[in-house]
Amino acid sequence: MKNVYLVVLFTFLACSLHAQVKSSHAEKVEVSAGIGYGWLLNSNLSPYGLHYRGNYDGGIQGSVDAFYKFSKRFGIGALCTSFSTSGNYSVGPALVSEDIQVNYVGPQMKFSCDISDRCILSVSYGGGYLWYTNKGWQDETEYKVTAHSWGVNINCGVSYRVLSHLDVFANIGCFGTTDIKKSKVESQGATTEEEMHDPYKLSFKSIGLMAGILSSSVANKHSLCCLSIFFRQHRVVRLKKLSCIP
């Protein structure tokens, strides 16, 4: 997942540099990609229960989004974001090693205002679909735990224009859910579904800092190129994860 976001980030940069032409029309399409670090807030990512959640403090967080601007201040689009972390700990005499990923995708609304000629402050928020995947080992036994839920997010950021259609940005964002009620466990060729209650109930809330690039343009072939890349990468992520959704 981290490699996917890096590929998207640099592809957007290449497309944006290729599209640096002056235009008298209002910019209608914005596409951005960023990467950073997210801190967990009162979350439990361990299927072994609340007492083991301290093994996860944070992880790598990345996102891609695309917006259509109806006006200079208002836009609507879609966001795909992901949080990745890993941990090693002991459960009784057993050693546990886990790689965890939490993904989110959903529609998004965005409001923007100018701070100066080159700086823009923006706030976006939305609700969508969130799914959790945990690939781990308990001693020599491999297992996979998956779960899904509805999630919400909000982002606040500042962008700075460096070229005619290219910005760099930094933002702070939150996303998560507390409504993970069931999980699916696959181990040793068997699959079971489990109802989760405290202290074993999974929960996820993260606050993250990210930086990246934003490409903006009129609805021409360059912006369509960026949109095509965004949705193609999003489709790849969804296809990879379909087998993990109960």
If a pair satisfies ring-ring contact (aromatic ring centres under 6.0 Å, His included) and one of its residues is in residues 82-102, list it, with sequence neighbours excluded. Tyr52-Tyr89, Phe83-Phe204
Shared ILVMFWY cluster between Val185 and Leu45, side chains joined below 4.5 angstrom? yes
Heavy-atom distance under 4.5 Å between the side chains of Gln108 and Asn155, does that happen here? yes
Hey, what do you get for CD (Glu193) to OG1 (Thr146), rounding to the nearest 0.5 Å? 8.5 Å
Closer than 3.5 angstrom, by distance alone: can the side chain of Thr81 be matched with the main-chain N or O of Gly62 as a donor-acceptor pair? yes
Give a yes or no on whether the backbone of Ser46 and the side-chain of Asn134 come within a donor-acceptor separation of less than 3.5 Å. no
Applying salt bridge (charged side-chain N to carboxylate O under 4.0 Å, His left out), name anything that partners Glu195, two or more places apart in sequence or on another chain. Lys182
Where does the angle between the aromatic ring planes of Tyr48 and Tyr143 fall among parallel (under 30°), tilted (30 to 60°) and perpendicular (over 60°)? perpendicular
Who else is in Leu121's hydrophobic cluster (ILVMFWY, side-chain heavy atoms under 4.5 Å, direct or via others)? Ile115, Val158
Look at the side chain of Tyr104 and the backbone N and O of Gly176, then say whether any donor-acceptor pair between them is shorter than 3.5 Å. no
Does His165 use its side chain to pair, donor to acceptor, with the backbone of Ser216 at less than 3.5 Å? yes
Out of curiosity, Lys184 NZ to Thr191 OG1, how far, rounded to the nearest 0.5 Å? 6.0 Å
Between Phe67 and Gly77 the two heavy atoms that sit nearest each other are CD2-N, 3.5 Å
Tell me yes or no: between the side chains of Ser97 and Asn88, is some donor less than 3.5 Å from an acceptor? yes
With Tyr37 via ring-ring contact (aromatic ring centres under 6.0 Å, His included) - residues at least two apart: Trp39
List in chain and number order the residues that pass ring-ring contact (aromatic ring centres under 6.0 Å, His included) with Trp137, two or more places apart in sequence or in another chain; answer none if no residue qualifies. none
Hey, would you say the Tyr160 and Phe169 ring centroids sit under 6.0 Å apart? no
Judged by atom type as modelled, is there a donor-acceptor pair below 3.5 Å linking the side chain of Ser84 to the main-chain atoms of Gln101? no
If we ignore hydrogens and angles and just use 3.5 Å, is the side chain of Ser43 paired with the main-chain N or O of Lys205 as donor and acceptor? yes
With rounding to the nearest 0.5 Å, note down the distance linking OG in Ser149 to OH in Tyr132. 13.5 Å
Going from CG on Asn103 to SG on Cys80, what distance comes out if it is rounded to the nearest 0.5 angstrom? 6.5 Å
To the nearest 0.5 angstrom, please state how far the OG1 atom of Thr177 sits from the CG atom of Asn153. 12.0 Å
Between atom OG of Ser187 and atom NZ of Lys144, what is the distance when rounded to the nearest 0.5 Å? 12.0 Å
So salt bridge (Lys or Arg N to Asp or Glu O under 4.0 Å) across residues 100-121, not counting sequence neighbours, yields Glu30-Lys110, Lys72-Asp114
